[in-house]
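Inspection log for the structure reproduced underneath, given as structure tokens.
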Amino acid sequence: MSVAGLKKQFYKASQLVSEKVGGAEGTKLDDDFKEMEKKVDVTSKAVAEVLVRTIEYLQPNPASRAKLTMLNTVSKIRGQVKNPGYPQSEGLLGECMVRHGKELGGESNFGDALLDAGESMKRLAEVKDSLDIEVKQNFIDPLQNLCDKDLKEIQHHLKKLEGRRLDFDYKKKRQGKIPDEELRQALEKFEESKEVAETSMHNLLETDIEQVSQLSALVDAQLDYHRQAVQILEELADKLKRRVREASSRPKREFKPRPREPFDLGELEQPNGGFPCAPAPKITASSSFRSGDKPARTPSRSMPPLDQPSCKALYDFEPENDGELGFREGDLITLTNQIDENWYEGMLHGQSGFFPLSYVQVLVPLPQ
């Protein structure tokens, strides 16, 4: 930083301290500017919270959201184009129903009904995936762009304006000691920044019809999803009612137990009336435990060096996605990287992959 830049930073810091501690008054901005700044601040908070709540509405399971975020991060690191989708609850329910319906078989009314319901649930999951994609493209992405670009740019202009105001007020209070030309330049820069910030805030507030259009797109996507969901569920309801009618019209089969077969107890040779017992096997010296023998020990698990970052598995972990590392309770895993606050990357038996932090106990932490 140049000497002039250092001096300017000193001026701004001195003026800020005199205002905060000494109670000095700085240049006041007009009421219209303050009102505009207040509206922009409320808009920024509204957009940020609506974004978070919309994502929670589409993906309500926080654990699945965290896992999906981790997998997407890993996919970007590895350069993979196709990312795993969010596991819709309707799809998980549908897979469960289909699996058990197949196990029950076609002779079971309940099994056939489970197959019908399971396929409908899987169709609902596909419709929900379409809703996620449409809402992301037409609502979440535009609002995120508003946060990352327009609102961020306004905050930059307001921060720059505040810095130039502090610089101008410092020089104005020392008029006579500061050259008039330097004071005039400080005033021009302050007014220039005020105009730029005012223009950017005005443009944002005057074009809020764009946010109304994006909100309308969200509602349209929800309507389309619910229309398709109603159609799928109505078709399923008709199928199940038809199955109930068909099952009710069939004659019931009577259960006839098979005749019991006589049970031959054999001859009772014991004087006490009990059953004859088989002779106990003789224990030979070769099969008995000798005092000199020692029980075989289970091979110990391979342990990483004590100074190497490692952890111990508290539970079994079965991988569900590509790139995850499976292990058993008690395994010692070498830590290689921490993806985020919930996931680690490590190595076990020459294989590398990702696993959740909640399944392990860290023995030697990764270096900060």
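The first residue of the sequence shown is numbered 1, and numbering continues consecutively from there.
In this structure, the side chains of Glu35 and Lys39 come closer than 4.5 Å at one or more pairs of heavy atoms. Side-chain atoms of Pro365 and Val362, non-hydrogen and from C-beta on, do get closer than 4.5 Å to each other. No side-chain heavy atom of Lys312 sits under 4.5 Å from any side-chain heavy atom of Asp331. For the pair Trp343/Leu357, no side-chain contact is recorded, criterion being any heavy-atom separation below 4.5 Å from C-beta on. The shortest distance between side-chain heavy atoms of Thr27 and Lys172 falls below 4.5 Å. Between Ser248 and Val244 the shortest side-chain heavy-atom distance falls below 4.5 Å. Annotation: side chain of Leu233 is in contact with side chain of Leu124 (closest heavy-atom distance under 4.5 Å). Put simply, the side chain of Tyr344 does not reach to within 4.5 Å of the side chain of Ile339, judged on heavy atoms.
A distance of 11.0 Å separates CD1 in Ile154 from CG in Asp41, rounded to the nearest 0.5 Å. Annotation: the span from Leu363 atom CG to Gln308 atom CD amounts to 12.0 Å, rounded to 0.5 Å. Between the CG atom of Leu151 and the CE atom of Met201 there is a distance of 11.5 Å, given to the nearest 0.5 Å. The CD1 atom of Ile140 sits 12.0 Å away from atom CD1 of Ile133, with the distance rounded to the nearest 0.5 Å. Considering CD of Glu329 and OH of Tyr315, their distance stands at 8.5 Å, rounded to 0.5 Å. A distance of 12.5 Å separates OG1 of Thr199 from CG of Leu204, quoted to the nearest 0.5 Å.
Residues Gln144 and Leu51 share a closest heavy-atom pair of OE1-CD1, 3.5 Å.
Looking only at distances, no side-chain donor or acceptor of Asn138 sits under 3.5 Å from a matching main-chain atom of Val135. Checked by atom type and distance alone, the side chain of Ser108 never pairs as donor or acceptor with a backbone atom of Leu104 at under 3.5 Å. For Glu324 (side chain) and Glu320 (main-chain N/O), a donor-acceptor pair under 3.5 Å exists by modelled atom type. At least one donor-acceptor pair closer than 3.5 Å links the side chain of Ser120 to the backbone N or O of Asp116. Looking only at distances, a side-chain donor or acceptor of Arg164 sits under 3.5 Å from a matching main-chain atom of Lys189. With Gln338 contributing its side chain and Asp340 its backbone, the two residues share a donor-acceptor pair below 3.5 Å. In terms of modelled atom types and a separation under 3.5 Å, the side chain of Thr336 and the main chain of Glu345 share a donor-acceptor contact. For Tyr86 (side chain) and Asn61 (main-chain N/O), a donor-acceptor pair under 3.5 Å exists by modelled atom type.
Following chains of ILVMFWY side-chain contacts shorter than 4.5 Å, one cannot reach Leu187 starting from Tyr170, and the two form parts of different hydrophobic clusters. Hydrophobic clustering (ILVMFWY, side-chain heavy atoms < 4.5 Å, transitive): Leu131 and Leu92 are in distinct clusters. Cluster membership check: Val47 shares its hydrophobic cluster with Leu218, using side-chain heavy-atom separations under 4.5 Å among Ile, Leu, Val, Met, Phe, Trp and Tyr.
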Intermediate values then yes/no, side-chain contact (heavy atoms from CB on, under 4.5 Å), Thr334 and Leu348: CA-CA 7 Å; Thr334 302; Leu348 178 65; over 6 Å; no
Please assess Met36 against His202 for the test side-chain contact (heavy atoms from CB on, under 4.5 Å), listing each intermediate value before the final yes or no. CA-CA 7 Å; Met36 198 179 299; His202 173 79; 4.2 Å; yes
Should Arg184 and Glu188 be marked as a salt bridge (charged side-chain N to carboxylate O under 4.0 Å, His left out) after you check the CA-CA gap, both sets of side-chain angles, and the distance that decides it? CA-CA 6 Å; Arg184 185 185 63 79; Glu188 288 180 354; 2.4 Å; yes
Lys171 and Glu182: salt bridge (charged side-chain N to carboxylate O under 4.0 Å, His left out), yes or no, with the steps? CA-CA 8 Å; Lys171 293 174 179 178; Glu182 191 173 339; 3.3 Å; yes
Please determine whether salt bridge (charged side-chain N to carboxylate O under 4.0 Å, His left out) holds for the pair Asp169 and Arg165, giving the CA-CA distance in whole Å, both sets of side-chain angles, and the decisive distance to 0.1 Å. CA-CA 6 Å; Asp169 286 343; Arg165 182 195 68 77; 2.6 Å; yes
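Evaluation of the side-chain hydrogen bond (donor to acceptor under 3.5 Å, both in side chains) rule for Asp141 yields Lys136 as partners, not counting sequence neighbours. In this view, Phe317 and Phe327, Tyr359 satisfy the ring pair (Phe, Tyr, Trp, His ring centres under 6.0 Å) rule, not counting sequence neighbours. With sequence neighbours excluded, no residue satisfies side-chain hydrogen bond (donor to acceptor under 3.5 Å, both in side chains) with Gln361.
Side chain to side chain, Asn109 and Glu246 fail the donor-acceptor criterion of an N or O pair below 3.5 Å. A side-chain donor-acceptor contact under 3.5 Å links Glu103 and His100.
Dense packing is recorded around CD of Glu181, with more than 12 heavy atoms of other residues, nucleotides or ligands lying under 6.0 Å away. Other residues, nucleotides and ligands contribute more than 12 heavy atoms inside 6.0 Å of the NZ atom of Lys173.
Within the structure, side-chain hydrogen bond (donor to acceptor under 3.5 Å, both in side chains) contacts touching residues 221-242 (residues at least two apart or in different chains) are Tyr57-Gln222, Arg123-Glu235, Asp224-Gln228.
Only one option out of Asn203, Leu29, Asp30 pairs with Glu198 in a side chain to side chain contact (heavy atoms under 4.5 Å, CB included); it is Asp30. Put simply, the residue from Cys311, Ser310, Pro309 that forms a side chain to side chain contact (heavy atoms under 4.5 Å, CB included) with Ile333 is Cys311.
Clustering of Ile, Leu, Val, Met, Phe, Trp and Tyr side chains at separations under 4.5 Å places Leu115 together with Val98. Clustering of Ile, Leu, Val, Met, Phe, Trp and Tyr by side-chain heavy atoms under 4.5 Å joins Leu166 with Leu16.
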